[in-house]
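Right, one structure below, let's go through it.
All heavy atoms count here, side chains included; hydrogens, waters and symmetry mates do not. Everything numeric in this text was worked out from a predicted model, so none of it was measured.
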Amino acid sequence: MPRWQEETTCGKSADALLLIFMSQLACAELSPFQAMFIVLLTMASSAGTAGIPGGGIAMMAFMLALLGLPPTYLALYLIVDRFFDYSITAINVWGDLVVAAIMDRETREN
């Protein structure tokens with residue numbers, strides 16, 4: 001599995017589930033198509049926020065506005081995000097450094 005797929009599928013599936021939960025909390029009816037759209041959009045947007053500490057906050061605020069949910073629901077995300085954000089960012093940056101070191105070693109001309 002390519003690295004970008006690992007970051008998007010594992011890292012942001014919780015965000016998609018949280019958005020669907022928030023929609024249900026607001027008594028918004030979601031069709032299966034809308035739920036799939038939420039999952040795909042959070043996965044696509046996570047590629048730009050994976051290496052930025054707290055980058056998911058802006059993405060979640062955008063998604064809440066897109067779905068017409070109250071911005072106060074961002075507090076629910078902040079509670080969950082604090083537990084995972086820094087560790088996910090650290091693992092992502094560490095993985096990038098390891099790949100860069102391997103590429104440097106393999107491509108270095110002697």
Side-chain angles (χ1 to χ4, degrees):
M1 178 180 292
R3 181 165 170 68
W4 67 270
Q5 281 182 326
E6 292 173 11
E7 292 170 359
T8 56
T9 54
C10 297
K12 294 300 174 179
S13 58
D15 290 356
L17 291 174
L18 188 59
L19 277 167
I20 292 170
F21 169 75
M22 288 180 200
S23 298
Q24 292 176 345
L25 189 64
C27 298
E29 292 292 325
L30 289 179
S31 69
F33 175 76
Q34 289 171 318
M36 185 58 68
F37 179 72
I38 290 171
V39 171
L40 293 175
L41 194 58
T42 55
M43 289 173 61
S45 66
S46 70
T49 61
I52 303 168
I57 297 170
M59 187 272 305
M60 186 61 75
F62 167 75
M63 292 294 291
L64 287 173
L66 182 71
L67 294 171
L69 297 173
T72 54
Y73 285 1
L74 192 60
L76 291 173
Y77 176 75
L78 292 174
I79 292 169
V80 174
D81 186 59
R82 291 298 100 195
F83 290 110
F84 302 110
D85 184 49
Y86 291 112
S87 59
I88 290 170
T89 301
I91 291 168
N92 183 18
V93 171
W94 179 76
D96 291 344
L97 290 172
V98 168
V99 171
I102 291 170
M103 292 300 295
D104 181 56
R105 185 182 57 195
E106 295 296 323
T107 59
R108 187 174 294 187
E109 295 178 3
N110 292 326

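- Taking both residues in full, the closest heavy atoms of Leu64 and Leu74 are given as CD1-N, 3.6 Å, listed atom of the first, atom of the second, then distance.
- Atom-to-atom distance recorded for Ile38:CD1 and Leu67:CG is 4.5 Å, nearest 0.5 angstrom.
- In the hydrophobic clustering of ILVMFWY residues, with side-chain heavy atoms under 4.5 Å counting as a link, Phe21 and Ile57 come out together.
- The CE atom of Met22 lies 10.5 Å from the CE atom of Met63; values are rounded to the nearest 0.5 Å.
- In this structure, Leu25 CG and Leu69 CG are separated by 9.0 Å, a value rounded to the nearest 0.5 Å.
- In this structure, OH in Tyr77 is found 4.0 Å from CG in Asp15, a value given to the nearest 0.5 Å.
- Of all non-hydrogen atoms in Gln34 and Glu29, the two that sit nearest each other are OE1-O, 3.5 Å.
- Of the inter-residue distances, the one linking Ile79 atom CD1 with Leu18 atom CG reads 9.5 Å to the nearest 0.5 angstrom.
- By the criterion of side-chain heavy atoms lying less than 4.5 angstrom apart, applied directly or through intervening Ile, Leu, Val, Met, Phe, Trp or Tyr residues, Ile20 is grouped together with Leu78 in one hydrophobic cluster.
- Transitive grouping of hydrophobic side chains (ILVMFWY, heavy atoms separated by less than 4.5 Å) keeps Phe33 and Leu19 in distinct clusters.
- Here the CG atom belonging to Leu30 is positioned 11.5 Å from the CZ atom belonging to Phe37, to the nearest 0.5 angstrom.
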